[in-house]
Undergrad: 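Quick one: structure below, then a few questions.
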Amino acid sequence: MENLIEKVEAALNSVRPYLQTDGGNVRVVEITEDFTARLELLGACGSCPMSTMTFKAGLEEAILKAVPEIKKVEALNLTPAF
């Protein structure tokens, strides 16, 4: 699993600069046995009303494209869109 975490981190590094520009970031919490990457949105991303779109169009897409072993991506603290 350690190798998968490194691959997921590398995929996230491609979008991290955009998150950091707005005061946010993301942390890999775990990779589960069923190959789900569980993430935590940090800083401004944790409370941003656009976090669902950022998650789907940025983080999830980057991970699934770069790490085919990952079957699903979940964010633990998404802010519901209104």
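What you are looking at is a predicted structure, and each value in this text was computed from that prediction instead of being measured.
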Undergrad: Look only at the side chain of N77 and the backbone of E40, and say whether a donor-acceptor pair between them is shorter than 3.5 Å.
TA: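 Flag not set: sc N77 to bb E40 has no pair under 3.5 Å.
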Undergrad: Let me see the working for E30 and V28 under side chain to side chain contact (heavy atoms under 4.5 Å, CB included), right down to the final yes or no.
TA: CA-CA 6 Å; E30 69 176 331; V28 178; over 6 Å; no
Undergrad: Would you indicate whether the side-chain heavy atoms of I70 and V8 approach each other to under 4.5 Å?
TA: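 V8 vs I70: side chains touch.
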Undergrad: Check P17 against N13 and note the closest heavy-atom contact, atom names and distance.
TA: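 For P17 and N13, the tightest heavy-atom pair comes out as CD-O, 3.3 Å.
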Undergrad: Measuring from atom SG of C45 to atom CG of D22, what distance do you get when rounded to the nearest 0.5 angstrom?
TA: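 One gets 7.5 Å once the value is rounded to the nearest 0.5 Å.
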Undergrad: Taking a hydrophobic cluster as the set of Ile, Leu, Val, Met, Phe, Trp and Tyr residues connected by side-chain heavy atoms closer than 4.5 Å, whether directly or through intermediates, do L19 and L42 fall within one such cluster?
TA: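 No, L19 and L42 fall in different hydrophobic clusters.
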Undergrad: Are E9 and K7 within salt-bridge range, i.e. N to O under 4.0 Å?
TA: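 Result for this pair is no, no salt bridge flagged.
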Undergrad: Using the rule that Ile, Leu, Val, Met, Phe, Trp and Tyr join whenever any side-chain heavy atoms are under 4.5 Å apart, tell me whether I5 and F35 fall into a single cluster.
TA: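 Yes, I5 and F35 fall within the same hydrophobic cluster.
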Undergrad: Between side-chain atoms of residues 59-68 and protein atoms elsewhere (two or more places apart, or another chain), which donor-acceptor pairs fall under 3.5 Å?
TA:
from, atom 1, to, atom 2, distance (Å)
E60, OE1, K56, NZ, 3.2

Undergrad: Without swapping roles, check the side chain of R16 against the backbone of N25 for a donor-acceptor pair under 3.5 Å.
TA: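 No, the answer is negative, given that no donor and acceptor are paired below the 3.5 Å cut-off.
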Undergrad: Please test K71 against T36 for side chain to side chain contact (heavy atoms under 4.5 Å, CB included), starting from the C-alpha separation and ending with a verdict.
TA: CA-CA 6 Å; K71 304 300 178 207; T36 298; 5.8 Å; no
Undergrad: Under a 3.5 Å distance rule, please check whether T54 uses its side chain to pair with a backbone N or O of M50 as donor and acceptor.
TA: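 Here the side-chain-to-backbone pair exists.
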Undergrad: Kindly give the heavy-atom pair with the smallest separation between L39 and F55, and that separation in Å.
TA: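 Scanning both residues, the minimum pair turns out to be CD1-CE1, 4.2 Å.
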Undergrad: Hey, mind stepping through L4 and E69 against side chain to side chain contact (heavy atoms under 4.5 Å, CB included) and telling me if it holds?
TA: CA-CA 8 Å; L4 281 181; E69 299 93 332; 3.7 Å; yes
